[in-house]
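These notes are about the structure you will find just below.
Every value quoted in this text rests on a predicted model; they were computed, and no experiment measured them. Counting from 1, the numbers follow the sequence of the chain as shown. Note that these values count all heavy atoms, side chains included, but never hydrogens, waters or copies made by symmetry.
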Amino acid sequence: MSGKEVFEQIRDLIVAVKSTTAPVSADDITEDSVFEQPPLAMDSLDFAQFVVGIEETFGLIAYDSDFLRLATVRDAVELVEEFLSQPSARGHFA
């Protein structure tokens, strides 16, 4: 799976998570988007749903510390790419 495909799936996941609280357009999400700042402005519940979505979408389980280091969409893409390339690096695949 390419980085672009990972980004697109993460972007779609963000749109789905935010759809019930403060909808955001996929066009407004870039790899530089910060989870805690507009247009994403995720609160802790949004972020928790996002984390569960990543685990379900990509079939992986990561340590909380892995997810706590995510500040931008790029960080999330890189985390998923890391798991896809070396599943034993951290956490594990479900």
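Of the inter-residue distances, the one linking Leu68 atom CG with Tyr63 atom OH reads 14.5 Å to the nearest 0.5 angstrom. Atoms CD and CD, on Glu82 and Glu78 in that order, are 9.0 Å from each other to the nearest 0.5 Å. The CZ atom of Phe50 sits 4.5 Å away from the CD1 atom of Ile14 when rounded to the nearest 0.5 Å. Atoms CD and CG, on Glu31 and Asp75 in that order, are 10.0 Å from each other to the nearest 0.5 Å. Summarising the geometry, atom CE belonging to Met1 is positioned 13.0 Å from atom OG belonging to Ser85; distances are rounded to the nearest 0.5 Å. Here the straight-line distance linking atom CG of Leu70 with atom CD1 of Ile54 works out to 6.0 Å at 0.5 Å rounding.
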Checking side-chain contact (heavy atoms from CB on, under 4.5 Å) for the pair Phe58/Phe83: CA distance, chi angles, key distance, verdict? CA-CA 9 Å; Phe58 296 100; Phe83 274 92; over 6 Å; no
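Looking at Leu79 and Phe67, their side chains come closer than 4.5 Å, going by heavy atoms from C-beta outward. Between Val80 and Thr57 there is no side-chain heavy-atom pair separated by less than 4.5 Å.
Taking Asp27 as the reference, nothing meets the side chain to side chain donor-acceptor pair (under 3.5 Å) condition, with sequence neighbours excluded. Every residue two or more places apart in sequence or in another chain was checked for a side chain to side chain donor-acceptor pair (under 3.5 Å) with Asp12, and none qualifies.
Across all non-hydrogen atoms, the minimal contact from Glu81 to Val6 is CG-CG2, 4.3 Å.
The residue from Leu40, Thr30, Val34 that alone fulfils the side-chain contact (heavy atoms from CB on, under 4.5 Å) condition with Val73 is Leu40.
Sorted by first and then second residue, the pairs that involve residues 32-52 and meet salt bridge (Lys or Arg N to Asp or Glu O under 4.0 Å), not counting sequence neighbours, are Lys18-Asp46, Asp32-Arg74.
With hydrogens and angles disregarded, no donor-acceptor distance shorter than 3.5 Å links the side chain of Asp28 to the backbone of Val24.
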